[in-house]
2 protein chains.
Amino acid sequence: MSEDDIFKALGDTTRRAIFEKLASGAMNASALREGMAISQPAMSQHLAVLRGASLVRERRQGRYVNYEVDPDGLARIAGWLARYRTYWPARIEALEALLKDMDQ
Amino acid sequence: MSEDDIFKALGDTTRRAIFEKLASGAMNASALREGMAISQPAMSQHLAVLRGASLVRERRQGRYVNYEVDPDGLARIAGWLARYRTYWPARIEALEALLKDMDQ
DNA sequence: ACAATAGATAAGCATGGACTTATGTGATTC
DNA sequence: GAATCACATAAGTCCATGCTTATCTATTGT
């Protein structure tokens, strides 16, 4: 798991779509494929890449493999982003505040 | 400028290094090359990619071109990241707090 | 034990991306 | 105005990557 792995993993639209789907709830590879014109091996390969970037983690459940968001990858991005905080525009601060409100 | 462009741009170690250098202060392409085993055309091409991702912007100054961090790209990443706030571990919140302290 | 199902892996192919050398363009200096 | 300098662009090469089809492994159900 490196910043290279993470950004490369997210540099693919399909993978970001998969990640987004997982963010709305853990599910197995077959469930992920539903409504996504993507072959079984392709999905498997994408998940492997996301796993290698610590953006996703798996949990075996019988013959199913349940996938879920791995906070580690997200944390790493946040860490990277934080280094450039000096350049964050006011708009981001506003967004942050908004999100903080929404949480409550 | 799309999320694809941004993540793809950052998926390259050399480009992240260039970006990091620029984050420590605006400079022209030649200055950027100093201490970085990279050819002039390669640098120019990397800068073009970073520009295309709104991570960097240029300002012509005579025959020099001064490059600087463009907050737009960073804002876009922050926005993307914010969508998955639910999964941010406590550690990030701590980091955020720390950075907020350091600002003062 | 056997068939079916969920998923991973292998191998091949086609495209994309990072580099190279060579050349072009626009500003500066003598 | 000719040489020089800062940078961009063109064209070619090589490796990475995302897909495909085919096959393998592991678990479940009958």
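Keep in mind that the numbers below use all heavy atoms, side chains included, and drop hydrogens, waters and symmetry copies.
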Visitor: In whole angstroms, how far is the C1' atom of dG17(C) from the CZ atom of Phe7(B)?
Guide: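 Rounding to the nearest Å, CZ of Phe7(B) and C1' of dG17(C) are 19 Å apart.
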Visitor: Taking only heavy atoms on the protein side, list every residue of residues 37-56 of chain B lying under 4.0 Å from any atom of DNA chain D, sorted numerically.
Guide: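 DNA chain D contact set from residues 37-56 of chain B: Gln40(B), Pro41(B), Ser44(B), Gln45(B), Arg51(B).
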Visitor: Where the side chain of Thr14(B) is concerned, which of dG18(D), dC19(C), dA6(C) is the nearest nucleotide?
Guide: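 Closest of the options to the side chain of Thr14(B): dC19(C).
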Visitor: Is any side-chain heavy atom of Arg57(A) closer than 4.5 Å to a side-chain heavy atom of Pro71(A)?
Guide: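 They are in contact (side-chain heavy atoms under 4.5 Å apart), so the answer is yes.
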Visitor: Please answer whether the main-chain N or O of Ser2(B) pairs with a side-chain N or O of Arg76(B) as donor and acceptor at a distance below 3.5 Å.
Guide: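 It does not hold such a pair.
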Visitor: Which of these nucleotides, dA6(C), dC7(D), dT4(D), is closest to any side-chain atom of Arg63(B)?
Guide: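 Closest nucleotide among those given: dT4(D).
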Visitor: Should Arg15(A) be listed as having a side-chain N or O under 4.0 Å from OP1 or OP2 of dG18(D)?
Guide: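 Yes, such a contact exists.
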Visitor: From NZ of Lys8(A) over to P of dC15(D), roughly how many Å is that when rounded to an integer?
Guide: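 For the pair Lys8(A) NZ and dC15(D) P, the rounded distance is 15 Å.
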Visitor: Side chain of Arg60(A): nearest nucleotide among dT17(D), dA6(C), dT27(D)?
Guide: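 Per side-chain heavy atoms of Arg60(A), the pick is dT27(D).
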Visitor: For Val56(A), does its backbone N or O pair with a side-chain atom of Tyr67(A) as donor and acceptor, under 3.5 Å?
Guide: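 Not at all, since once roles are kept as given, no pair shorter than 3.5 Å links the two residues.
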Visitor: Assign each of Gly62(A) and Val65(B) to its nearest nucleotide of DNA chain D by heavy atoms, then name whichever residue's nucleotide is nearer the 5' end.
Guide: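 It is Val65(B) whose nearest nucleotide is closer to the 5' end.
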Visitor: Let me check something: do Tyr87(A) and Phe7(A) share a hydrophobic cluster, defined by ILVMFWY side-chain heavy atoms less than 4.5 Å apart, either directly or through other members?
Guide: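 Same cluster.
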Visitor: Under 3.5 Å, is there a donor-acceptor pair between the side chain of Arg15(B) and the main chain of Ala9(B)?
Guide: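 Indeed, once roles are kept as given, a pair shorter than 3.5 Å links the two residues.
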Visitor: Does Leu10(B) offer a backbone N or O that forms a donor-acceptor pair with the side chain of Arg16(B) under 3.5 Å?
Guide: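 Looks like yes, one N/O pair under 3.5 Å.
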Visitor: Nearest whole Å is fine: how far is dC15(D) C1' from Asp12(B) CG?
Guide: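 Value for this atom pair: 13 Å.
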